[in-house]
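Values below: every heavy atom of this structure, side chains too, minus hydrogens, waters and symmetry copies.
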Amino acid sequence: MAFRWQTSPTRPGPLAALLSYAILSCWAAVVLFPLYWLAITAFKLPVHVNEGPTYLPFVDFQPSLHAWRYILVDLGNDTLRPYLNTVIVGGTSSVLTLLLGAAATYGLSRFTYRVRLTSVLFFLAGAILAGIGIQLGLPWPLAVVGGLGAFVLARATALRRVAGPKLGNADIAFWMISQRMLPPVAIVIPIYILFQRLGMLDTRTALVVSYVAANLPIAVWLLRDYFHTIPIELEESAAIDGANRYQILWRIVLPLALPGLVATFLFIFVLAWNEYLLALFLSSAKAQTMPLLVAAQNATRGPQWWYMSVLILLMIAPVIALALVLERYIARGLLLGAVRG
């Protein structure tokens, strides 16, 4: 009996299924092999790592808890503090980013904005004027009031004569995502100087604020599709029944957008969890995070791969567990964004 390539439009034949499973198995092996290599390296002695690649525990080498004992016992406090910092900073910044991103996305998807470009330029000019005043020695409240006064005065007098183009919702959304087009290294020095002037270097607050500012455009961009899929007729019906905007948002919109919110949260959480550049510039000892601790294992004697493997396994374990717990919502959220339009 000849093998059929396809038995139906939605069900492949035996030959196609066999080929598909073979390709997927090879790809799974490629993807999972780094995790396997991390796991076995974490149980190797330095001599086993330096002698060359060995693959099978109890066959090529005898497993040891040397690296785990050093990281969790000998350096217990030095490991626990960065781990807690990573959990607190990553979790807090992700929750705040999701809340602000959901509110901003709901506003962009339900309200129509027509902001004049001249008003934006006048506001930027007022902010620059306030910054110059602070640099010249003026008290910052006085400089801010002066900048706002200049903005209001210029807007009130100039808009009557110069109309200028208007910016809509799509322009605002594109402007937000454009903030991520710059490489982070281009803005990390101004951010460092800002928190240095505020006396907030090496604090969790500085990291949380920076992570929220960096990841908020991504949250807004990802959530746009999810909010657009929610029928506005549901909100109109709730408004007729007497619900206000906040009740509509919390009781109708957010529950319906839950899969998209969960998928966005996990994506943002991974970005905050693995952030390295901002943490490198804004923290030293007190607010040090796990990525910095992993990089610190590259000592003068060379990379300590066995210690790195233990720390990386400790880092990825919560993310993998969170992904497994939220798998149902993540799959629904990704599919919801894919079928829109």
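- Between Ala206 and Met200 the shortest heavy-atom distance is CB-O, 3.3 Å.
- Leu261 places none of its side-chain heavy atoms less than 4.5 Å from the side chain of Tyr226.
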Pair Phe269, Leu98 - check side chain to side chain contact (heavy atoms under 4.5 Å, CB included), show working.
CA-CA 10 Å; Phe269 182 76; Leu98 189 66; over 6 Å; no
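- Membership of the apolar cluster around Tyr55 extends to Phe33, Tyr36, Trp37, Ile40, Leu56, Val59, Phe61, as traced through chained side-chain contacts below 4.5 Å between ILVMFWY residues.
- For the atom pair CD1 of Ile187 and CG of Leu277, the computed distance is 9.0 Å after rounding to the nearest 0.5 Å.
- A distance-only check finds no donor-acceptor pair linking the side chain of Ser109 to the backbone of Phe227 [under 3.5 Å].
- If you chain together ILVMFWY residues whose side-chain heavy atoms come under 4.5 Å of each other, Leu80 ends up grouped with Leu84.
- Side-chain contact between Asp60 and His48 is absent, with no heavy atoms from C-beta onward closer than 4.5 Å.
- Partners of Ser284 by side-chain hydrogen bond (donor to acceptor under 3.5 Å, both in side chains), not counting sequence neighbours, listed by chain and number: Asp202.
- Expressed to the nearest 0.5 Å, how far CG of Leu124 lies from OG of Ser119 amounts to 11.0 Å.
- At least one side-chain heavy atom of Tyr192 sits less than 4.5 Å from a side-chain heavy atom of Leu201.
- To the nearest 0.5 Å, the span separating CG on Leu216 from CD1 on Ile177 amounts to 10.0 Å.
- Between Leu32 and Leu35, the closest side-chain pair of non-hydrogen atoms falls below 4.5 Å.
- The two atoms that bring Leu292 and Ala279 nearest to each other are CD1-O, 3.4 Å, heavy atoms only.
- Note: the hydrophobic cluster containing Met290 also contains Trp305 (ILVMFWY, side chain heavy atoms under 4.5 Å, direct or indirect links).
- Between Leu223 and Gly260 the shortest heavy-atom distance is CD2-O, 3.8 Å.
- Under the ring-ring contact (aromatic ring centres under 6.0 Å, His included) criterion, Phe151 pairs with Phe123, not counting sequence neighbours.
- Formation of a donor-acceptor pair under 3.5 Å by the Gln135 side chain with backbone atoms of Gly137 is not found in this model.
- For OH of Tyr21, the number of neighbouring non-hydrogen atoms (other residues, nucleotides, ligands) closer than 6.0 Å is 12 at most.
- The nearest pair of heavy atoms linking Ala130 to Ala143 is CB-O, 3.4 Å.
- Counting heavy atoms from C-beta outward, Trp306 and Ser64 have side chains that stay 4.5 Å or more apart.
- Proximity of Thr86 to Leu293: side-chain heavy atoms (C-beta onward) are nowhere separated by under 4.5 Å.
- Side-chain contact check for Leu207 versus Asn85: every heavy-atom pair is 4.5 Å or farther apart.
- Using a 4.5 Å cut-off on side-chain heavy atoms (C-beta onward), Asn274 and Val319 make no contact.
- The salt bridge (Lys or Arg N to Asp or Glu O under 4.0 Å) analysis of residues 93-110, with sequence neighbours excluded, yields the pairs Arg110-Glu235.
- Screening residues 64-89 for ring-ring contact (aromatic ring centres under 6.0 Å, His included) gives Phe43-Trp68, His66-Tyr307, Tyr70-Tyr307 as the qualifying pairs, with residues at least two apart or on separate chains.
- Follow the hydrophobic side-chain contacts under 4.5 Å out from Phe267 and you never reach Tyr276; the two are in separate clusters.
- Scanning all heavy atoms of the two residues, the minimum distance from Arg204 to Ile88 falls at NH1-CD1, 3.2 Å.
- At a threshold of 4.5 Å between side-chain heavy atoms, the hydrophobic network of Ile, Leu, Val, Met, Phe, Trp and Tyr places Leu266 and Ile268 in two separate groups.
- Closest approach of Thr264 to Ala219, counting heavy atoms only: CG2-CA, 4.0 Å.
- Considering CZ of Phe195 and CG of Leu278, their distance stands at 9.0 Å, rounded to 0.5 Å.
- Under the 4.5 Å side-chain contact rule for hydrophobic residues, Met308 and Leu38 share a cluster.
- One finds the CD1 atom of Ile193 at 11.0 Å from the CZ atom of Phe281 (value rounded to the nearest 0.5 Å).
- Note on Met315 and Leu271: separate hydrophobic clusters, where clusters join Ile, Leu, Val, Met, Phe, Trp and Tyr whose side-chain heavy atoms are under 4.5 Å apart, directly or indirectly.
- Of the inter-residue distances, the one linking Leu311 atom CG with Ile71 atom CD1 reads 4.0 Å to the nearest 0.5 angstrom.
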